[in-house]
Enquirer: 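Here it is, the structure in full.
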Amino acid sequence: QVQLVESGGGLVQADGSLRLSCAASGRTFRSYTMGWFRQGPGKEREFVAAISWSGLWTYYQDSVKGRFTISRDNAKNTVYLQMNSLKPEDTAVYSCAATRSTNYSGSYYARAPLYDYWGQGTQVTVSS
């Protein structure tokens with residue numbers, strides 16, 4: 001069992017930055033592929049980024065490439081999402097998720113049903 005708690009959301013102006021954190025419980029954190037998803041007002045949940053258990057590969061949705069960076073610190077049981085050059089369309093509830101699947105890479109992990117554990121989410125609001 002893994003419990004995930006996000007933090008770091010808030011209100012920021014366009015072109016600003018935020019860093020989200022996702023703290024995980026459990027000693028097996030390093031065994032999980034981690035992902036970030038978001039759900040904007042009136043929108044479906046969408047994939048944002050994923051990172052392998054080792055941090056050797058990362059994968060991003062096209063709209064955030066070059067602006068967002070996913071990383072993890074297995075010693076701290078934490079995964080991060082650094083968000084720069086934020087746009088109003090980035091406004092959403094951001095949730096982290098963990099999956100025991102580690103055999104693949106990249107776009108395979110963009111699918112929400114693949115993930116076994118989810119956090120409650122943190123609100124990010126970008127004003128224009």
Side-chain angles (χ1 to χ4, degrees):
Q1 186 79 12
V2 175
Q3 292 186 322
L4 305 172
V5 179
E6 302 93 338
S7 61
L11 174 64
V12 64
Q13 290 189 327
D15 293 326
S17 298
L18 282 174
R19 187 174 84 152
L20 304 183
S21 298
C22 172
S25 65
R27 293 174 291 178
T28 59
F29 173 75
R30 63 178 67 247
S31 301
Y32 291 85
T33 301
M34 300 297 295
W36 283 97
F37 289 77
R38 68 185 181 186
Q39 186 165 16
K43 297 181 180 179
E44 303 258 330
R45 181 170 54 190
E46 64 175 357
F47 169 79
V48 177
I51 186 168
S52 64
W53 68 271
S54 62
L56 284 181
W57 65 256
T58 58
Y59 181 73
Y60 299 91
Q61 180 203 107
D62 285 346
S63 69
V64 307
K65 282 181 184 176
R67 300 189 298 124
F68 291 11
T69 302
I70 188 171
S71 61
R72 67 191 294 164
D73 185 338
N74 287 340
K76 295 182 178 180
N77 280 13
T78 303
V79 63
Y80 305 98
L81 185 68
Q82 177 66 45
M83 305 186 295
N84 299 328
S85 302
L86 282 160
K87 304 175 181 181
E89 51 264 42
D90 294 319
T91 294
V93 175
Y94 284 72
S95 299
C96 66
T99 174
R100 288 181 288 251
S101 171
T102 59
N103 294 332
Y104 302 93
S105 63
S107 61
Y108 182 82
Y109 291 102
R111 299 178 294 152
L114 187 65
Y115 290 80
D116 304 298
Y117 304 103
W118 291 82
Q120 293 291 330
T122 185
Q123 176 70 46
V124 172
T125 303
V126 184
S127 64
S128 57

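None of the values given here were measured: they were computed from a predicted structure.
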Enquirer: When you look at S31 and R100, which way does the side chain to side chain contact (heavy atoms under 4.5 Å, CB included) test go after all the steps?
Expert: CA-CA 7 Å; S31 301; R100 288 181 288 251; over 6 Å; no
Enquirer: As an exercise, state the distance from OG of S71 to CE of M34, rounded to the nearest 0.5 Å.
Expert: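 These two atoms lie 11.5 Å from each other.
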Enquirer: Strictly by ring pair (Phe, Tyr, Trp, His ring centres under 6.0 Å), give each pair with a member in residues 79-104 just once, sequence neighbours left out.
Expert: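 For residues 79-104, and leaving out neighbouring residues, the ring pair (Phe, Tyr, Trp, His ring centres under 6.0 Å) pairs sorted by first residue read Y104-Y108.
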Enquirer: Can a donor-acceptor pair be found, under 3.5 Å and without considering hydrogens, that links the side chain of R72 to the backbone of T33?
Expert: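 Side chain of R72 to backbone of T33: no pair is present.
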Enquirer: Do M83 and V48 pass the side chain to side chain contact (heavy atoms under 4.5 Å, CB included) test, and can you show the C-alpha distance, the side-chain angles, and the key distance before you say yes or no?
Expert: CA-CA 11 Å; M83 305 186 295; V48 177; over 6 Å; no
Enquirer: Measuring from atom CD of E44 to atom CD of Q39, what distance do you get when rounded to the nearest 0.5 angstrom?
Expert: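 Interatomic distance, E44 CD to Q39 CD, rounded to 0.5 Å: 7.5 Å.
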Enquirer: Between the main-chain N or O of Q3 and the side-chain N or O of S25, is there a donor-acceptor pair closer than 3.5 Å?
Expert: yes
Enquirer: Which heavy-atom pair separates S85 from S17 by the least distance, and what is that distance?
Expert: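 It is N-OG, 4.3 Å.
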Enquirer: Is the backbone N or O of V126 less than 3.5 Å from a side-chain atom of T91, with the two atoms forming a donor-acceptor pair by type?
Expert: yes
Enquirer: Check A14 against S128 and note the closest heavy-atom contact, atom names and distance.
Expert: CB-CA, 4.4 Å
Enquirer: Is there a donor-acceptor pair closer than 3.5 Å between any side-chain N or O of E6 and the backbone N or O of L20?
Expert: no
Enquirer: Test side chain to side chain contact (heavy atoms under 4.5 Å, CB included) on F68 and L81 and set out the steps.
Expert: CA-CA 7 Å; F68 291 11; L81 185 68; 4.2 Å; yes
Enquirer: Inspect the surroundings of NZ in K65 and state if more than 12 heavy atoms from other residues, nucleotides or ligands are less than 6.0 Å away.
Expert: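 Above 12, so yes.
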Enquirer: Is it the case that the side chain of Q82 and the backbone of R19 share a donor-acceptor pair, with hydrogens and angles ignored and the cut-off at 3.5 Å?
Expert: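 No, because the side chain of Q82 does not come within donor-acceptor range (under 3.5 Å) of the backbone of R19.
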Enquirer: Between CH2 of W36 and CD1 of I51, what distance do you get to the nearest 0.5 Å?
Expert: 11.5 Å
Enquirer: Measure the CG-CZ distance between N74 and R30 for me, rounded to the nearest 0.5 Å.
Expert: 5.0 Å
Enquirer: Once rounded to the nearest 0.5 Å, what's the spacing between atom CG of D15 and atom CG of L86?
Expert: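 Separation between the atoms: 8.5 Å.
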Enquirer: With the threshold set at 4.0 Å, does a side-chain nitrogen-carboxylate oxygen contact exist between D90 and K87?
Expert: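 Salt bridge flag = no for K87 with D90.
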Enquirer: Ring pair (Phe, Tyr, Trp, His ring centres under 6.0 Å): which pairs involve residues 43-67, sequence neighbours left out?
Expert: F37-F47, F47-Y59, W57-Y109
Enquirer: Restricting to non-hydrogen atoms, name the atom on G9 and the atom on T122 that form the minimum distance, rounded to 0.1 Å.
Expert: N-OG1, 3.2 Å
Enquirer: If hydrophobic clusters are built by linking Ile, Leu, Val, Met, Phe, Trp and Tyr wherever their side-chain heavy atoms come under 4.5 Å apart, do W118 and V93 end up in the same one?
Expert: no
Enquirer: Please report the interatomic distance CG(L4) to OH(Y115), rounded to the nearest 0.5 Å.
Expert: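 Here the rounded value is 11.5 Å.
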Enquirer: How close do T78 and S21 get, heavy atom to heavy atom, and via which atoms?
Expert: CG2-CB, 4.2 Å
